[in-house]
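Numbers for residues simply follow the sequence, beginning at 1. We use all heavy atoms of the structure for the numbers below, so side chains are in, but hydrogens, waters and symmetry mates are not. Both ligands and their constituent atoms are indexed starting at 1 by order of listing.
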Amino acid sequence: MAAKVKDPARPSLPVRIVVTREEAERAVALEIAELVRTKPRTVLGLATGSTPIGVYRELVRLHREEALDFSRAITFNLDEYLGLVSGHPSSFGRWMRSNFFDAVNVPEVNIHTLDGSLELARARVECERYEQTIADAGGIDLMMLGIGRNGHIGFNEPGAARDTRTRCVELHPWTRADAAHGFGGLEQVPHVAITMGVTTILDSRRLCVMAFGEHKAQIVKRTLEGAIGPDVPSTYLREHSNVCLWLDRSAASG
Ligand code: GLP
């Protein structure tokens, strides 16, 4: 069999494989902590889901035990379901409160989340305002990201173009299925969402991407080796010049 030749038209993504996900969570948390210490007015892009939860846990510990100070940090959340009542228990906004914001000292005025209770027309206006607010803050210094089983980043589902910005999107069936548990059944899961776009994400100065578990192995393989394009939005990450993909052994097994 011919040896695999590295194709310059298919840029690669720096990968770190660790034995346990806790090592990756700690490393990403330490990188964020270091950034916040050297640049207190750090602008962070924040993801939700099962992937980053340990990073938040570690950041909360660093805040409590090592006085990590978020008093000048600015945050922007990546995405939100649309069509939820304000404060819905399954909203990402609520998730962020209970897993991070309620336990650290990011000032309320510096916290930016997308409002899932808006009706579509208002949400579209909100998307433009969100982009402007990110720009006014000086852009995102570091963005934390997970990868969906279908290759979504944020809610940039298969089909998302490289030049997209914050907008309303329809959710992919796999995404809704994966969310069903949190909503108490598939029929309760919204069909639409609001998400930062691919360009919004790639404009961040640093990307810390994580994928853990065997159920992510196939999409990790496609992210690293597949053609870059809308079929698998996570492949766009290979176009970023300052990115690291953290994998545990199971996610790396493909
Ligand atoms: C969710 C979010 C993404 C997240 C992804 C993976 O639906 N929109 O931001 O990265 O899907 O989720 P998980 O980390 O739970 O596997």
Side-chain angles (χ1 to χ4, degrees), residues 13 21-22 24-25 28-29 44-58 75-84 88-96 98-100 112-116 123 127 130 140 142-160 164 166-183 186 188-198 200-202 204 207-220 222-223 232-237 240 243-248 250-252 254:
L13 188 60
R21 61 181 287 169
E22 288 76 17
E25 291 163 353
V28 172
L44 296 170
L46 300 178
T48 45
S50 56
T51 305
I53 194 157
V55 177
Y56 292 114
R57 212 177 289 130
E58 179 62 9
T75 68
F76 288 91
N77 262 87
L78 183 63
D79 50 13
E80 182 60 279
Y81 297 102
L82 259 186
L84 302 178
H88 190 287
S90 306
S91 68
F92 289 157
R94 185 74 175 270
W95 190 98
M96 284 303 302
S98 36
N99 288 290
F100 189 54
H112 302 93
T113 54
L114 291 154
D115 185 351
C127 291
Y130 209 61
I140 294 170
L142 183 149
M143 171 120 217
M144 202 180 0
L145 274 181
I147 301 177
R149 275 195 307 134
N150 60 4
H152 74 200
I153 46 175
F155 277 137
N156 292 285
E157 302 281 35
T164 46
T166 305
R167 68 200 186 292
C168 300
V169 292
E170 234 171 89
L171 293 175
H172 187 271
W174 287 14
T175 302
R176 295 191 62 247
D178 286 350
H181 181 67
F183 279 89
L186 183 61
Q188 317 289 334
V189 182
H191 287 265
V192 279
I194 186 165
T195 183
M196 282 186 195
V198 175
T200 321
I201 293 169
L202 294 185
S204 308
L207 297 177
C208 291
V209 191
M210 290 164 284
F212 305 128
E214 212 180 326
H215 63 300
K216 295 288 172 81
Q218 277 313 305
I219 196 59
V220 164
R222 291 184 73 191
T223 299
V232 182
S234 52
T235 56
Y236 292 126
L237 298 172
H240 199 279
V243 52
C244 182
L245 172 61
W246 290 89
L247 304 173
D248 63 2
S250 310

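- Under a 4.0 angstrom heavy-atom cut-off, H215 registers as lying outside contact with ligand 1.
- Surrounding NE2 of H215 are more than 12 heavy atoms belonging to other residues, nucleotides or ligands, all under 6.0 Å away.
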Working for side chain to side chain contact (heavy atoms under 4.5 Å, CB included), residues F183 and L84: CA-CA 11 Å; F183 279 89; L84 302 178; 3.8 Å; yes
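- Open room surrounds CD on E214; 12 or fewer heavy atoms of other groups in view lie less than 6.0 Å from it.
- Not a single heavy atom of A47 sits less than 4.0 Å from an atom of ligand 1.
- When only non-hydrogen protein atoms are considered, atom 14 (O) of ligand 1 lies nearest to T51 OG1, 2.5 Å.
- Checked by atom type and distance alone, the side chain of N156 pairs as donor or acceptor with a backbone atom of M196 at under 3.5 Å.
- Proximity of a side-chain donor or acceptor of E157 to a complementary backbone N or O of H172 within less than 3.5 Å is detected.
- The closest protein non-hydrogen atom to atom 3 (C) of ligand 1 is G154 O, 3.7 Å.
- Here L145 has no heavy atoms under 4.0 Å from ligand 1, in either its backbone or its side chain.
- For ligand 1, the atoms sitting less than 4.0 Å from at least one non-hydrogen atom of H152 are 1 (C), 3 (C), 5 (C), 7 (O), 11 (O), numbered in the order shown with element in parentheses.
- Close contacts of ligand 1 with S50, meaning ligand atoms under 4.0 Å from a residue heavy atom, involve 13 (P), 14 (O), 15 (O), 16 (O).
- Scanning all protein heavy atoms for the shortest distance to atom 6 (C) of ligand 1 gives I147 O, 3.8 Å.
- Within a 6.0 Å sphere centred on CZ of R149, heavy atoms belonging to other residues, nucleotides or ligands number more than 12.
- At least one N/O-N/O distance between K216 and ligand 1 falls below 3.5 Å.
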For side chain to side chain contact (heavy atoms under 4.5 Å, CB included), just list the numbers for E25 and F212, CA-CA rounded to whole Å, side-chain angles, deciding distance to a tenth of an Å, and then say yes or no. CA-CA 10 Å; E25 291 163 353; F212 305 128; 4.2 Å; yes
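- Near G146, meaning under 4.0 Å from one of its heavy atoms, ligand 1 places the atoms 10 (O).
- Below 30°, between 30° and 60°, or above 60°: for Y130 and F76 the angle between ring planes is above 60°, a perpendicular geometry.
- Taking every non-hydrogen atom of F155 and a distance limit under 4.0 Å, the qualifying atoms of ligand 1 come out as 7 (O), 8 (N).
- Within 6.0 Å of CD on E170 lie no more than 12 heavy atoms contributed by other residues, nucleotides or ligands.
- An N or O contact shorter than 3.5 Å is missing between T175 and ligand 1 by distance.
- Within the listing of ligand 1, atoms 9 (O) sit less than 4.0 angstrom from a heavy atom of L78.
- If you number the atoms of ligand 1 from 1 as listed, the ones under 4.0 Å from a heavy atom of D79 come out as 2 (C), 3 (C), 8 (N), 9 (O).
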